[in-house]
Protein chains: 2
Amino acid sequence: MKESPRPYHHGHLREALLKAAEKALESGGAQTISLRELSRELGVSHTSPRRHFADKQALLDALALRGFERFEIALGRAAAASGDFKSRLTKLTRAYVNFALKHPALLSLMFEAKHRVDAPRELLEASEKAFAHAHSTYAAGQAAGEVIPGDPWRLSLVVFAAMQGLMVLSTNGKFKGIPLDHLVGEIIERIILGLRPR
Amino acid sequence: MKESPRPYHHGHLREALLKAAEKALESGGAQTISLRELSRELGVSHTSPRRHFADKQALLDALALRGFERFEIALGRAAAASGDFKSRLTKLTRAYVNFALKHPALLSLMFEAKHRVDAPRELLEASEKAFAHAHSTYAAGQAAGEVIPGDPWRLSLVVFAAMQGLMVLSTNGKFKGIPLDHLVGEIIERIILGLRPR
DNA sequence: GGCACTATGTTGTCAATGGAAACATGCTGC
DNA sequence: GCAGCATGTTTCCATTGACAACATAGTGCC
């Protein structure tokens, strides 16, 4: 039955919808995603998405959730590197920036979804999990005496906030014509100076 | 004719639309703004907004532009304060955070609008103008020998990026239960240490 | 082996929306 | 006082998200 011209059941509709939605997201923002448009692309009827997502928002939330999962993986890989605090923090930060540059619309969607008052708990948890990698990197830095004492969450906030803000303040991956990539090192340098015990 | 039950011309429709749109924005996000809904509230026909805004996006852009203008005023007032670099930077940063906490949805809209590929030039200029206050604060700090030399734009980026990120990473005005207000001083402290000549 | 159950997709329909065109009204400058 | 223009209205259309009722197919149970 797999080869019949059009099997009644799509088979992987949920996956296919998410994939198509992400493509649409990257190429035109969350606003431009239309359930009917997606259905048309996939050759299914315009209401079939409802079997998998109660709501358009539910689809967007699912997209955000997968975003956090991939984000977590990317940060996790970077955090696993060895080296001193500075080099580890740099790796982590670059992973962050790379993700943000590769999936700008997705990242926006992720944080927007997280900030909705009725954000699903799953989403908040996925976000926590991803940022936990920063927490552990800081804790290791503290253990090695390279970082002042204090709540690692609060310390890590400084760098991540700076990176996140970097994205928002920049235009088209650049700030005043300078590629973000070049700025990462500089910013980390400044911040680490403020974190070093003295 | 001003007192007739319903004058044919509204008189301040553009202003009224912007005002109503901003109210809707603050209470439900840009998504929830509907031109027809706004028209109904104002008691005009559902197509009248088109006389003032070619497009829904045009209305949102106008909203963003006014946001940048008010933002610029707030930062300008803070930047005008006297004192040493740290106190001036703190004032500036608090102005930023206050604005962000008071108008979260507007701030998102502002940066989103600025990032659109076809963002109107006006918007970019308004954004530049607002952030120029940071530039001048840094330049003054350098002149007084309180800040390391270097392009003030790049230096100011660190603090503003951190603040902007703080907003994005926080949830409901708090980070790990700590009000953002309390974090501002801490973050500035860390960053200034990295900016101080040594 | 057959039959109910359930998951998945479809058809038909609705109200709301953004947008466009043609028209109405009233202000303003000559 | 009138011609032209700015502003608002009416009417219409295609698209959209959502809903209900129905169709199809795969699964488990006897």
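By convention in this document, chain letters (A, B, ...) are assigned in the order of the sequence lines, proteins followed by strands, and residues within each chain are numbered from 1.
A straight line from CZ of A/R50 to P of C/dT8 spans 15 Å, rounded to a whole angstrom. When rounded to the nearest whole Å, the span between CZ of A/R51 and P of C/dG9 equals 9 Å. Straight-line distance from the CG atom of B/L60 to the C1' atom of C/dT17: 14 Å, rounded to whole Å. To the nearest angstrom, P of C/dG9 lies 10 Å from CG of A/L42. Distance NE2 (B/H46) to P (C/dA16): 13 Å, rounded to an integer number of Å. If you take CG of A/L13 and C1' of D/dA25, they are 15 Å apart, rounded to a whole angstrom. For A/E41 and D/dT15, the CD to P distance is 15 Å, given to the nearest whole Å. Summarising the geometry, the separation between CZ on B/F53 and C1' on C/dG19 is reported as 16 Å, rounded to the nearest angstrom.
In this structure, A/H52 reaches the C/dG9 phosphate: one of its side-chain N or O atoms is under 4.0 Å from OP1 or OP2. A/S45 has a side-chain polar atom (N or O) that falls below the 4.0 Å cut-off from OP1 or OP2 of C/dT10.
The ring pair (Phe, Tyr, Trp, His ring centres under 6.0 Å) test with B/F71 singles out one residue from B/F99, B/F160, B/F111, and that residue is B/F99.
Not a single salt bridge (Lys or Arg N to Asp or Glu O under 4.0 Å) links B/R51 to another residue, sequence neighbours left out.
Counting atom types as modelled, B/T47 pairs a side-chain N or O with a base atom of D/dT10 as donor and acceptor under 3.5 Å.
Salt bridge annotation for A/K86-A/E189: present, with a cationic side-chain nitrogen under 4.0 angstrom from a carboxylate oxygen. Salt bridge status for B/E128 with B/R121: absent, with no side-chain N to carboxylate O gap under 4.0 Å.
Closest to the B/R36 side chain, of the nucleotides D/dG17, C/dT17, D/dG8, is C/dT17. Relative to the side chain of B/R40, the nucleotides D/dT7, C/dT17, C/dG19 differ in distance, and C/dT17 lies closest.
Contacts of A/I33 with the nucleic acid, taken as non-hydrogen atoms under 4.0 Å apart, involve only primed sugar atoms and P, OP1 or OP2. In this structure, B/S48 reaches the bases: a heavy-atom distance under 4.0 Å links it to at least one base atom across the strands shown.
With hydrogens and angles disregarded, no donor-acceptor distance shorter than 3.5 Å links the side chain of A/H133 to the backbone of A/A78.
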